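I have placed the structure first, in the form of structure tokens, so that the comments after it can refer back to it.
Since we're looking at a predicted model, the values are computed, not measured. Positions are given from 1 along the sequence.
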Amino acid sequence: GLGLEEYRTSREHALAKIGSRPFDINASFSIRLKRTIPDPHATRRVRYRIHVKDGQPSDFFAEGASQQIKSLEDGWAEIEVQAIAPQQPPAAAQQRQPTAQDSAANSLIQSDDDFVVAMAHSRESDTEDPWQLACQLEKFVYQLIEKKDFSQVFASAKEVAQSRQGDCTEHAVLLAALCRARKIPTRVAIGLVYVPRPGAPELAYHMWNEVWIKDGWYPLDATLGRGGIGGCHLKLTDTNLAGSSAFSAFLPVTQVVRRLQIEIVSVE
């Protein structure tokens with residue numbers, strides 16, 4: 001149903017250079033903004049006005065503990081994104097319980113691979129708190145991936161652990177694998193993130209993580225290593241990357257990104 005075609009080829013042919021300019025997935029899926037946010041990832045709350053051509057924002061953007069949607073007139077909606085953490089849980093927000101797939105290994109998140117397991121347990125933690133452990137693993141991945149290579153489309157956690165390079169998707173799959181190896185249910189979130197490009201800030205394609213702590217899902221972003229995120233991540237969907245969902249989860253991004261108008265209303 002995704003209109004995909006598969007080809008079998010050699011590794012050398014698949015990795016061969018096809019031009020002097022590398023592919024940048026972030027540049028391919030981005031929306032220009034008129035307003036600049038000085039310290040985007042330290043924000044506590046950001047409100048956006050969003051319009052989707054020939055659609056409704058609520059059909060594409062997720063609603064949950066950190067992100068609420070309110071419909072407005074003429075097909076517009078207001079989305080409020082707030083920073084949350086177990087120490088500052090959101091007001092009553094019932095969340096979907098983790099499934100077995102949120103803790104299991106799969107072809108992209110090899111949390112049972114010996115090398116990945118050893119890496120996960122190489123972080124000696126002085127805490128029994130799963131949130132603090134997840135934050136330590138987030139910072140570990142941030143420091144481990146030395147080469148921020150945006151030419152990767154989707155490497156597996158094992159490949160990232162060995163190569164130590166990649167973009168947001170590689171950070172996310174590795175952090176998911178390390179957390180699952182330490183018995184913390186983890187999924188990946190897919191959406192947009194504020195990028196402060198000089199003179200032309202934008203929202204660009206992004207992937208980050210959500211970990212299940214006690215009674216809720218809480219976001220982490222290993223490309224930042226800050227121990228959580230602020231209000232500058234707009235979530236479209238989430239996935240445990242098991243089976244066909246590993247690729248069908250990207251469908252909302254491709255369907256909506258070219259049809260979006262987004263305005264920043266307020267920042268705290």
Side-chain angles (χ1 to χ4, degrees), residues 4 6-29 102-125 133-182 184 186-191 193 195 204-211 219-227 229 233 238-247 249-250 253:
L4 299 179
E6 294 183 1
Y7 297 89
R8 187 176 183 87
T9 185
S10 67
R11 179 181 177 86
E12 291 73 21
H13 183 268
L15 296 178
K17 290 185 177 181
I18 57 174
S20 59
R21 186 175 181 181
F23 172 73
D24 185 343
I25 193 170
N26 294 309
S28 300
F29 296 105
D102 295 318
S103 297
N106 59 49
S107 60
L108 287 170
I109 301 177
Q110 304 104 324
S111 53
D112 58 350
D113 176 79
D114 289 344
F115 186 77
V116 173
V117 171
M119 179 175 283
H121 287 274
S122 70
R123 307 308 300 155
E124 293 186 5
S125 178
L133 175 57
C135 289
Q136 291 172 5
L137 291 172
E138 177 204 46
K139 190 169 185 178
F140 172 70
V141 173
Y142 170 75
Q143 296 172 335
L144 180 80
I145 299 181
E146 301 164 341
K147 184 179 180 182
K148 310 300 182 182
D149 183 355
F150 294 94
S151 66
Q152 293 288 331
V153 176
F154 215 134
S156 72
K158 181 180 178 180
E159 290 170 329
V160 181
Q162 294 171 337
S163 70
R164 302 190 178 192
Q165 69 181 51
D167 58 22
C168 60
T169 59
E170 282 68 48
H171 286 74
V173 294
L174 181 55
L175 180 57
L178 298 181
C179 286
R180 290 184 189 182
R182 297 297 294 264
I184 302 172
T186 309
R187 63 192 188 189
V188 301
I190 299 170
V193 69
V195 179
Y205 162 82
H206 196 51
M207 181 184 283
W208 61 99
N209 295 93
E210 293 175 333
V211 294
L220 292 170
D221 189 338
T223 68
L224 301 173
R226 296 175 61 100
I229 64 175
H233 290 60
D238 57 67
T239 174
N240 51 42
L241 291 179
S244 61
S245 70
F247 303 102
F250 290 93
V253 182

Q | Pairs where residues 110-120 contributes a residue and the test salt bridge (Lys or Arg N to Asp or Glu O under 4.0 Å) is met, not counting sequence neighbours | A | D113-K158
I need the [X] [atom1] to [Y] [atom2] distance, nearest 0.5 Å.
| X | Y | atom1 | atom2 | value |
| --- | --- | --- | --- | --- |
| L241 | I109 | CG | CD1 | 4.5 Å |
| Q165 | E159 | CD | CD | 10.5 Å |
| I190 | T239 | CD1 | OG1 | 6.0 Å |
| N209 | M207 | CG | CE | 8.5 Å |

Check: [Y] main-chain N/O paired with [X] side-chain donor or acceptor under 3.5 Å:
| X | Y | answer |
| --- | --- | --- |
| R180 | A105 | no |
| N106 | N240 | yes |
| E170 | V160 | no |

**Q.** All ring-ring contact (aromatic ring centres under 6.0 Å, His included) counterparts of H233, not counting sequence neighbours
**A.** H41, H206, W208
Q | Trace of the side-chain contact (heavy atoms from CB on, under 4.5 Å) decision for F140 with M119 | A | CA-CA 10 Å; F140 172 70; M119 179 175 283; 3.4 Å; yes
Q.
S103: which residues meet the side-chain hydrogen bond (donor to acceptor under 3.5 Å, both in side chains) condition with it, sequence neighbours left out?
A. none
(Q) Restricting to side-chain hydrogen bond (donor to acceptor under 3.5 Å, both in side chains), what partner residues turn up for T223, sequence neighbours left out? (A) D221
Which pair of non-hydrogen atoms, one from [X] and one from [Y], has the smallest distance, and what is that distance?
| X | Y | answer |
| --- | --- | --- |
| I145 | G166 | CG2-N, 3.8 Å |
| C168 | Y205 | SG-CE2, 3.9 Å |
| S111 | A177 | CB-O, 3.4 Å |

Q) Looking at residues at least two apart in the chain, or sitting in another chain, which of them share a side-chain contact (heavy atoms from CB on, under 4.5 Å) with A134? A) C179, I184, V211, L220
Q: Determine, stepwise, if the pair L144 / L174 fulfils side-chain contact (heavy atoms from CB on, under 4.5 Å).
A: CA-CA 10 Å; L144 180 80; L174 181 55; 3.6 Å; yes
(Q) Once salt bridge (Lys or Arg N to Asp or Glu O under 4.0 Å) is applied, do any residues pair with E138, and if so which ones, sequence neighbours excluded? (A) none
